[in-house]
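Worksheet: the structure to be examined is printed underneath.
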Amino acid sequence: DLLPINFSWIDIKGYILGCNQNVLDSQEIRSFNDIVGKHTKEVASELAWQNTQKVIDTEKSIVFEETHTKKDGTKIYFLSIKSPLKDCDGNIIGVVNIAIDITERKSMEMNLIQLKEAAELADKVKTEFLTNMRHDLRTPLSGIVTLSEFLEINETESTKKTYLNDIRKCAESMLNHLNEILTQIKVESGEFAITEKEFDIHTILQDIYRMMLPMAKSKNIDFTLTLDQIPSNFIGDVARTERILINIISNAIKFTDKG
């Protein structure tokens, strides 16, 4: 009774022959008379009885986890070791069961699982946030830079020209800061993975075309968009694809004097 474990022994038919006080306490049983002589299925789970039968059939010890639900609904977890009980001639006459309460450990494991799931969810939210930041903020800021530069070039009034120059510089500064923030977050989190999703390349090209058209017009460059030979649906990283196209097209316009 002084052992800090559940200890019981069962005959070959599954009837309980004896146990220690810990078994009574954990099972909320009043006395030994209320458990001795009862079948394992009456006081334990179906799994416990199945494993008892397995020990009897194979004459080999097994280790497994089992649970017991108390009257108040609380679930207790045990690590159970069942071993064959043999007589002097080596014949199996029953099963000895030793069970250790691992409820606290299981609770810690479940908490760790919940923390892991919460961390994975937070990482997913962060990734989606970064994707939205790249698309919803960086692209419009690039457009502001391009349009303000076009308006500045074509504006003749000095005051308005100064204002437009200030707008362009502020937008460029915001864009640079945004790029630095996104880069720093990705470095700290190790998030360099390329996402693969289906997207409409036509929509992206049309948005970039409208964004870059003023810049091309300011340099009297022929700038057209033809989508007939380009399939609409692509699979890839939409944010990176958009950023690459913006860089390529803006540099092409910037370094083209005529054409």
Side-chain angles (χ1 to χ4, degrees), residues 1-131 188-193 195-197:
D1 288 347
L2 297 177
L3 293 174
I5 58 174
N6 286 15
F7 180 78
S8 61
W9 55 102
I10 304 161
D11 69 18
I12 200 168
K13 293 182 179 180
Y15 290 95
I16 299 170
L17 300 176
C19 66
N20 68 345
Q21 184 63 44
N22 266 31
V23 173
L24 301 184
D25 295 341
S26 63
Q27 301 282 342
E28 298 177 298
I29 297 173
R30 293 182 180 180
S31 69
F32 291 102
N33 293 331
D34 295 327
I35 188 171
V36 174
K38 288 190 174 182
H39 197 276
T40 304
K41 291 190 292 185
E42 296 182 67
V43 295
S45 65
E46 180 65 27
L47 177 62
W49 168 236
Q50 290 174 1
N51 284 316
T52 299
Q53 285 183 305
K54 190 180 296 184
V55 173
I56 294 171
D57 295 338
T58 64
E59 298 188 14
K60 294 181 180 179
S61 299
I62 60 172
V63 180
F64 68 103
E65 288 187 10
E66 61 180 335
T67 61
H68 171 70
T69 303
K70 301 176 71 173
K71 293 177 181 178
D72 62 1
T74 304
K75 187 173 286 188
I76 306 174
Y77 295 85
F78 293 99
L79 180 64
S80 182
I81 306 169
K82 294 186 182 294
S83 301
L85 180 63
K86 297 182 179 182
D87 60 18
C88 296
D89 297 324
N91 300 313
I92 186 167
I93 59 174
V95 175
V96 174
N97 181 60
I98 298 174
I100 304 170
D101 189 334
I102 58 169
T103 305
E104 186 175 346
R105 193 196 77 181
K106 290 294 289 186
S107 178
M108 292 175 63
E109 288 178 358
M110 291 177 182
N111 287 337
L112 286 173
I113 290 172
Q114 291 177 350
L115 288 172
K116 180 176 178 290
E117 291 175 347
E120 289 174 347
L121 178 61
D123 187 64
K124 181 180 178 182
V125 171
K126 180 209 67 183
T127 301
E128 291 177 353
F129 170 75
L130 289 174
T131 301
E188 291 177 354
S189 64
E191 189 267 312
F192 288 98
T195 59
E196 291 190 359
K197 292 183 179 179

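As a basis for the values below, the full set of heavy atoms in this structure was taken, side chains included, without hydrogen atoms, waters or symmetry mates. Positions are given from 1 along the sequence.
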- Message: Once ring-ring contact (aromatic ring centres under 6.0 Å, His included) is applied, what residue pairs with a partner in residues 74-115 remain, sequence neighbours excluded?
- Response: none
- Task: Identify, with sequence neighbours excluded, every residue that meets side chain to side chain donor-acceptor pair (under 3.5 Å) alongside D89.
- Result: none
- Message: Would you compute the distance between atom OG of S26 and atom CD1 of I5 and round it to the nearest 0.5 angstrom?
- Response: 11.5 Å
- Does the pair L79 and V63 meet the rule for a side-chain contact (heavy atoms from CB on, under 4.5 Å), with working shown? CA-CA 7 Å; L79 180 64; V63 180; 3.7 Å; yes
- pair I56-V95: side-chain heavy atoms closer than 4.5 Å: yes
- Message: Could you tell me if the side chain of T67 sits less than 4.5 Å from the side chain of I76, heavy atoms only?
- Response: no
- Which residue pairs pass the side chain to side chain donor-acceptor pair (under 3.5 Å) test when at least one of the two sits in residues 7-19, sequence neighbours left out? none
- Side-chain donor or acceptor of N51 paired with backbone N/O of L47 under 3.5 Å: yes
- Message: Suppose we screen for ring-ring contact (aromatic ring centres under 6.0 Å, His included). Which residues come up paired with F64, at least two apart in sequence or across chains?
- Response: none
- Query: What are the two closest non-hydrogen atoms of P84 and K60, and how far apart are they?
  - Reply: CD-C, 4.0 Å
- Residues two or more places apart in sequence or in another chain: which of them pass side chain to side chain contact (heavy atoms under 4.5 Å, CB included) with L24? C19, Q21, I29, F32, I35
- Query: Just wondering, more than 12 heavy atoms not from M110 lying within 6.0 Å of its CE?
  - Reply: yes
- With sequence neighbours left out, write down each residue that passes side chain to side chain contact (heavy atoms under 4.5 Å, CB included) with E46, or none if nothing qualifies. K41, W49, Q50
- Under the salt bridge (Lys or Arg N to Asp or Glu O under 4.0 Å) rule, what pairs show up with a residue in residues 100-113, not counting sequence neighbours? E65-R105, E65-K106, R105-E109, K106-E109
- Message: Going by the rule side chain to side chain donor-acceptor pair (under 3.5 Å), which residues pair with T58 if we only count those two or more places apart in sequence or in a different chain?
- Response: none
- Query: Which residues pass the salt bridge (Lys or Arg N to Asp or Glu O under 4.0 Å) test with E120, sequence neighbours left out?
  - Reply: K116
- Message: According to side chain to side chain donor-acceptor pair (under 3.5 Å), who are the partners of S107, at least two apart in sequence or on a separate chain?
- Response: none
- Item | Partner residues of E59 under the side chain to side chain contact (heavy atoms under 4.5 Å, CB included) criterion, sequence neighbours left out | K86, I92
- Donor-acceptor under 3.5 Å (S83 side chain, V96 main chain): no
- Query: How long is the span from the CE atom in M108 to the CG atom in L115, to the nearest 0.5 Å?
  - Reply: 11.0 Å
- Query: To the nearest 0.5 Å, how far apart are CG in L85 and CD1 in I93?
  - Reply: 4.5 Å
- Does N6 offer a backbone N or O that forms a donor-acceptor pair with the side chain of N20 under 3.5 Å? no
- Exercise: do N97 and K82 side chains pair donor with acceptor under 3.5 Å: yes
- Mind checking what makes side chain to side chain contact (heavy atoms under 4.5 Å, CB included) contact with E117, not counting sequence neighbours? I113
